Amino acid sequence: MMPTPTQAQIRRDRPVCHRMMVVTCLLTLGFSIVAWRLYDLHLKSGPKFAEKASEKFREERILPAQRGSIKDHGGRYLAYDEEIFDLSTNRVHLNELPTIKPCLARVRGMKLRDMTRVMGDAEIRNAYHAHVAQALSVKLGRPLDEVLAVVKSNEQVVVLADKMNEEQAKDWREYLTKQNIKGVYVKSSVRRHYPTENRLALIVGGVENGKGGVRGVEMTYEQTLGGIPGSVIVEHDKYGREMPMYRGEIKEPIHGRDIQLTIDMPLQDAVDQIVAKADALWKPSKIMVVVTEVSTGSVLAMSYLPSHDRNNLAETNWKNLAIYEPYEPGSTFKVVAFTAALDQRKISPQTMIDCELGEYTDPVLKAKLTDLKTLGMAPVHDVLRYSSNIGTYKIFKRVGQDSFVDYVKRFGFGRRTDIALNGESRGYINEKEWSNTTFSRFPIGYEVNVTPIQMAMAYGALANGGILMRPRLIDRIVSEGGRKIEIAAPEVVGQVCSGKTAETMRDLLKEVVSEGTGSRAQLEGIEVAGKTGTSRRYDPEYVYRDDKGKKHKGGYPPNQWITSFAGYAPAKDPKIACVVVLDYPKAADPQAIGGGKVAAPIFGEIVAETLKQLSVRPQRPLALQGTQQ
């Protein structure tokens, strides 16, 4: 038994006890901190750090949805997805020593143990980067320094080559394996391909990465074509190889549906060729053509120049002129006044109209009108046949302002047709704020702006018994590999006039072609109904002086015209409607330019080709009558 320490011994050992207590407290605190840190790392924050560590070897791989294709009416591809391949770097794998050490050892013909004994980590990494850059530089044909900078880049992924085909991708994979390169991979992606190139470019449209469709059908039917991407979580080992057993749940993509247009490429190509020939002959600033099916409103062809060039985006035309470009229609617009007056029984085809021998000034409005052909008292059918401005104005006065504007709207002018394309213009109509000149100019196609597609649908309505259709560009939507088909039904917009009025207008328009200003639109064996149009061309940049010498900007330059022809065929059983518009055609004698001389022959050629492809045969011989209208 130990003796009890004395007070002297206690006083002597007290500092030692104090030091022992301090050390014990410090040890206890230290172990507590370590224990807390272990708890924090393994239990509290462990899952988070484990997740971060696994992210290094794990990625979410997007399973892209295949975008639906676009086809013409005959099933020919206009747009579809094709697989392409990219060559790209992976920063993690290029700098990861467990991945690059075996590769460099094989390149140098050394054992891994021997190489790591004589080379440090930084030296191994630099040597591997130099080897990768050298191999890629030779294959890519790019400077070594440039490729080395890419290999050492801090960017997670850098694309070295893109848009490779399958054969090129296979060649690169074999080359990377032969050169013992890890961290540079060939990956597949999808590119939108347009086999028709610039034909129908703004109608079919285009796509951009991350945005989907950005114009044309690609844009308006993005939800139908785009589909919904899927995904899968995959994990790699330290060598970059996928470990299938750790693959996560797969979310399958929902592929886009296919769209089939009403346009048929053989007809479209034929119309494009006719338009190109007319462009070379008349050299207009713009030329626009629309061909539609009367009964359904289906767009059979749509052509315009200047067109869109997919390979020269900086300088190309971005406007679909057939739906975007409004113009003053001139005499093709006169059908509105005639239809309104006939429908309201204000006139009949035999009603006599005083055309004032070609010159007339309204006694109240002081508006002056002239005609090219001198007519006195003439029946209504002659007023339209010879396109009398004076006669049309007097017929309009029988209708009245409000009723006339109502019929303008019935024909669809002043609002979008809602064709399945972006960028459509509504045109312009003056509903209420009329000046003295508006009364005489509006009925003959001035102070109003229409688009070619609006005019085509308006004449289609007259051919269709007075029923206005919505332009139909989409024929059907196909999904599930063709097992499910949705037909896009024709849509009726409204009733423009009675069927009897439409039939009377058909007879009047037939006379325009058979005996009047539109004789150059005649077809052998097929009756055509239509109307010529010749209007002065408005130029917003044109500067002129008035009678008082004051300068004005925006007006009608001399000898600049817009010529057009609108009509349908065959007249008795209409199948198609067509509109041809030429903006500022050129000729040696500008006064010789007119809708009957410039646009009518183009119309006739296009209609003849269209009816031929639709297997509509001539019914009887018809001698072509050349005139000087």
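Values below: every heavy atom of this structure, side chains too, minus hydrogens, waters and symmetry copies. Everything quoted here is computed from the prediction, not taken from an experiment.
Note: F603 and F565 have tilted aromatic rings, judged against thresholds of 30 and 60 degrees for the angle between ring planes.
Within a 6.0 Å sphere centred on CD1 of I228, other residues, nucleotides and ligands contribute 12 heavy atoms or fewer. Atom CD of Q223 has 12 or fewer neighbouring heavy atoms from other residues, nucleotides or ligands inside a 6.0 Å radius.
No option in R67, R191, R192, Q66 other than R192 meets the side chain to side chain donor-acceptor pair (under 3.5 Å) test with D81.
With sequence neighbours excluded, the residues forming a side chain to side chain contact (heavy atoms under 4.5 Å, CB included) with K612 are E609, listed by chain and number. With sequence neighbours left out, D309 forms a side-chain hydrogen bond (donor to acceptor under 3.5 Å, both in side chains) with N198. Qualifying side chain to side chain contact (heavy atoms under 4.5 Å, CB included) partners for N449, counting only residues two or more places apart in sequence or in other chains: P326, E328, Y428. In this structure, K71 has no side-chain hydrogen bond (donor to acceptor under 3.5 Å, both in side chains) partners at least two apart in sequence or on a different chain. Applying the side chain to side chain contact (heavy atoms under 4.5 Å, CB included) criterion to T262, with sequence neighbours excluded, gives S298, V299, R472, L473, D475.
Ion pairing of R76 with D264 is present here, as a side-chain N (NZ or NE/NH1/NH2) and a carboxylate O approach within less than 4.0 Å. The pair E503-R506 counts as a salt bridge, with a side-chain nitrogen and a carboxylate oxygen less than 4.0 angstrom apart. A salt bridge links K510 to E527: one of the charged nitrogens lies within less than 4.0 Å of a carboxylate oxygen. A salt bridge links K553 with E541: at least one charged nitrogen is closer than 4.0 Å to a carboxylate oxygen.
A centroid separation of less than 6.0 Å is found between the aromatic rings of F396 and F404.
Checking K334 against S387 by side-chain atom types alone, a donor-acceptor pair falls below 3.5 Å.
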Verify side chain to side chain donor-acceptor pair (under 3.5 Å) between D258 and S69, making sure each step is shown before the conclusion. CA-CA 5 Å; D258 298 339; S69 62; 3.1 Å; yes
Under the side chain to side chain donor-acceptor pair (under 3.5 Å) criterion, do Y304 and N317 qualify, and how do the steps go? CA-CA 11 Å; Y304 52 87; N317 166 47; 5.4 Å; no
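For the ring-ring contact (aromatic ring centres under 6.0 Å, His included) condition, the pairs that include at least one residue of residues 60-84, sequence neighbours left out, are Y77-Y80, Y80-H193.
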